[in-house]
Asks: 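Attaching a single structure in structure tokens format; questions to follow.
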Amino acid sequence: MTSQEQVQHAAEQYVSAQLDPPHNATLHVEAAALDSRLKLTSCPTPLEASLPGKQNLSGNVTVLIRCDAPQWQVYVPVRTQLLLPRVVATRPLARGHVLTLSDLHIQPVELRFQRGISFEAPEQIIGARIKRNVQMGDAVLGNDICVVCRNDVVTIRAGSKGLSIMTKGVALSDGSLGEQVRVQNSKSKRIIDAVVTGVSDVSVGY
């Protein structure tokens with residue numbers, strides 16, 4: 001007789017093989033317990049597994065396990081968790097608060113609960129300002145903060161082919177890492193578009 005553990009293991013192996021997690025991720029795949037009253041005839045050939053319909057492999061999926069001869073099949077619910085190290089709040093963070101190292105630490109966060117830009121190192125956002133309240137234990141996301149905030153004095157870095165020029169300016173809009181903001185050059189008063197590269201730091205190409 002084919003055991004329920006064999007069926008569960010086949011379902012877990014199948015789901016694990018479909019996933020290619022990043023090197024720094026932790027993957028948990030666990031099949032749900034089957035009905036104890038379920039009796040499965042011994043299957044002399046390897047169990048076949050498939051994913052019926054169009055299912056997203058993040059979260060809960062249902063795997064179909066089949067035996068050809070004798071012919072039987074069973075649906076196995078499987079739970080997947082893909083955890084990535086992310087910067088989370090060590091305490092409730094109120095709007096307007098400027099982030100310090102003691103506000104942040106790294107904790108595994110399930111991928112399906114991450115929305116938008118997230119961060120892997122506290123150093124990326126120390127000095128950024130909170131734009132909306134963040135609860136203790138929540139990941140700090142790009143839209144929760146402004147790395148460059150409106151009216152901040154920023155360093156504008158411009159460079160091409162090894163030549164680099166730095167000057168000061170004033171941000172005219174909020175932005176997180178990688179976002180574009182409007183900046184006024186303090187010297188020329190010219191308004192330019194620049195990309196946020198760090199806290200109070202923007203860059204523009206020629």
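Fair warning: this is a prediction, and the values are worked out from it, not measured in the lab.
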Asks: Search all heavy atoms of Lys168 against all heavy atoms of Thr155 and return the closest pair with its distance.
Replies: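 Minimum heavy-atom contact is NZ-OG1, 2.9 Å.
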Asks: Keeping Gln71 on the side-chain end and Asp68 on the backbone end, is there a donor-acceptor pair under 3.5 Å?
Replies: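 No; judged by distance alone, with no hydrogens or angles, the pair does not exist.
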Asks: Has Trp72 got a side-chain atom pairing as donor or acceptor with Arg66's backbone, closer than 3.5 angstrom?
Replies: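 Side chain of Trp72 to backbone of Arg66, a donor-acceptor pair under 3.5 Å: no, none is there.
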Asks: Heavy atoms only: give me the nearest Val181-Asp174 pair and the separation to one decimal.
Replies: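 Between these two residues, the closest heavy atoms are CG1-O, 3.5 Å.
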Asks: Are Leu101 and Val87 connected in the hydrophobic side-chain network, where two residues link if heavy atoms are under 4.5 Å apart?
Replies: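 As far as the 4.5 Å side-chain criterion goes, Val87 and Leu101 are connected within one cluster.
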Asks: Does some side-chain heavy atom of His105 sit less than 4.5 Å from a side-chain heavy atom of Gln107?
Replies: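 Yes - at least one pair of side-chain heavy atoms lies under 4.5 Å apart.
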Asks: For a 4.5 angstrom cut-off between non-hydrogen side-chain atoms, does Val204 reach Arg157?
Replies: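 A side-chain contact under 4.5 Å is absent here.
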Asks: Given 3.5 Å as the limit, does a donor-acceptor pair link the side chain of Asp193 with the main chain of Arg182, or not?
Replies: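 Side chain of Asp193 to backbone of Arg182, a donor-acceptor pair under 3.5 Å: no, none is there.
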Asks: Extract all donor-acceptor atom pairs below 3.5 Å that involve side chains of residues 145-152 and protein atoms in other chains or at least two apart in sequence.
Replies:
unit_1: Asp152; atom_1: OD2; unit_2: Cys149; atom_2: N; d: 3.0

Asks: Below 4.0 angstrom, N of the basic side chain to O of the carboxylate: do Asp103 and Arg91 qualify?
Replies: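 Here Asp103 pairs with Arg91 in a salt bridge, since their nearest N and O are under 4.0 Å apart.
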Asks: Take Val88 and Met136 through the test side chain to side chain contact (heavy atoms under 4.5 Å, CB included) and record every step on the way to the result.
Replies: CA-CA 8 Å; Val88 303; Met136 184 173 65; over 6 Å; no
Asks: More than 12 heavy atoms of other residues, nucleotides or ligands under 6.0 Å from NE2 of His9: yes or no?
Replies: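 12 or below, so no.
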Asks: Do Val196 and Ile117 belong to the same hydrophobic cluster, where Ile, Leu, Val, Met, Phe, Trp and Tyr are linked whenever their side-chain heavy atoms lie under 4.5 Å apart, directly or via other members?
Replies: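 Looking at the clustering, Ile117 is in the same group as Val196.
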Asks: Measure across Gly142 and Phe119 and return the closest heavy-atom pair with its distance rounded to 0.1 Å.
Replies: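 Here Gly142 and Phe119 meet closest at N-CE1, 3.7 Å.
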Asks: Under 3.5 Å, side chain of Ser188 to main-chain N/O of Arg190, donor-acceptor pair present?
Replies: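 Confirmed, Ser188 side chain pairs with Arg190 backbone.
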Asks: Is the shortest side-chain heavy-atom distance between Pro77 and Asn60 below 4.5 Å?
Replies: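 Of all side-chain heavy-atom pairs linking Asn60 with Pro77, none is under 4.5 Å.
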Asks: Is there a path from Leu64 to Val29 through hydrophobic residues (I, L, V, M, F, W, Y) whose side chains come within less than 4.5 Å of each other?
Replies: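 No, Leu64 and Val29 fall in different hydrophobic clusters.
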Asks: With a 4.5 Å cut-off on side-chain heavy atoms, are Leu38 and Leu40 touching?
Replies: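 Yes; the side chains approach each other to less than 4.5 Å.
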Asks: Identify the residue among Val7, Leu47, Asp35 that makes a side-chain contact (heavy atoms from CB on, under 4.5 Å) with Val74.
Replies: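 The single option meeting the side-chain contact (heavy atoms from CB on, under 4.5 Å) with Val74 is Val7.
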Asks: Are the side chains of Val199 and Ile125 in contact, using a 4.5 Å heavy-atom criterion?
Replies: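 They are not in contact (no side-chain heavy atoms under 4.5 Å apart), so the answer is no.
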Asks: Determine yes or no for a side-chain-to-main-chain donor-acceptor pair under 3.5 angstrom, with Glu12 supplying the side chain and Ala31 the backbone.
Replies: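 Judged by distance alone, yes, a pair lies under 3.5 Å.
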Asks: How far apart are the C-alpha atoms of Asp144 and Lys131, what are their side-chain angles, what is the distance that settles it, and do they pass the salt bridge (charged side-chain N to carboxylate O under 4.0 Å, His left out) test?
Replies: CA-CA 5 Å; Asp144 294 328; Lys131 290 171 61 176; over 6 Å; no
Asks: Let's go through Glu179 and Val195 carefully: what are the C-alpha distance in whole Å and the side-chain angles of both, what is the deciding distance for side chain to side chain contact (heavy atoms under 4.5 Å, CB included) to 0.1 Å, and is it a yes or a no?
Replies: CA-CA 6 Å; Glu179 292 182 344; Val195 174; over 6 Å; no
Asks: Is the side chain of Gln55 donor-acceptor paired with the backbone N or O of Thr62 at a distance under 3.5 Å, no angle test?
Replies: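 A pair under 3.5 Å: yes.
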Asks: Yes or no on side chain to side chain contact (heavy atoms under 4.5 Å, CB included) for Val109 and Leu83, after CA distance, side-chain angles and deciding distance?
Replies: CA-CA 5 Å; Val109 176; Leu83 303 171; over 6 Å; no
Asks: Show the numbers, then the answer: is there a side chain to side chain contact (heavy atoms under 4.5 Å, CB included) between Leu27 and Leu19?
Replies: CA-CA 9 Å; Leu27 176 64; Leu19 297 168; 3.7 Å; yes
Asks: For a quick test of reading the model, state the closest non-hydrogen atom pair linking Ser186 to Gly169 and the distance between them.
Replies: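 Here Ser186 and Gly169 meet closest at OG-CA, 3.3 Å.
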Asks: With side chains defined as the heavy atoms from C-beta onward, is the minimum distance between Glu120 and Ile106 less than 4.5 Å?
Replies: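 Result no, sub-4.5 Å side-chain heavy-atom pair not found.
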Asks: Is Leu93 reachable from Ile126 through a run of I, L, V, M, F, W or Y residues, each pair having side-chain heavy atoms under 4.5 Å apart?
Replies: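 Linked within one cluster.
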Asks: Between Ser118 and Arg86, which heavy-atom pair has the shortest distance, and what is it?
Replies: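 Heavy-atom minimum between the residues: OG-NE, 2.7 Å.
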Asks: If I compare all heavy atoms of Ala32 with all of Val76, which pair ends up nearest, and what's the gap?
Replies: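 So the two residues come closest at O-CG1, 4.5 Å.
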Asks: Using 0.5 Å steps for rounding, measure from the CD1 atom of Ile156 to the CG atom of Asn185.
Replies: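 Atom-to-atom, Ile156:CD1 and Asn185:CG are 5.0 Å apart.
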Asks: Glu110: what forms a salt bridge (charged side-chain N to carboxylate O under 4.0 Å, His left out) with it, not counting sequence neighbours?
Replies: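 Partners of Glu110 under the salt bridge (charged side-chain N to carboxylate O under 4.0 Å, His left out) test: Arg79, Arg112.
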Asks: Do Gln18 and Leu51 have side-chain heavy atoms sitting under 4.5 Å apart?
Replies: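 Contact flag for Gln18/Leu51 side chains = no.
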Asks: Restricting to pairs with a member in residues 19-33, which pass side-chain hydrogen bond (donor to acceptor under 3.5 Å, both in side chains), not counting sequence neighbours?
Replies: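 Found none.
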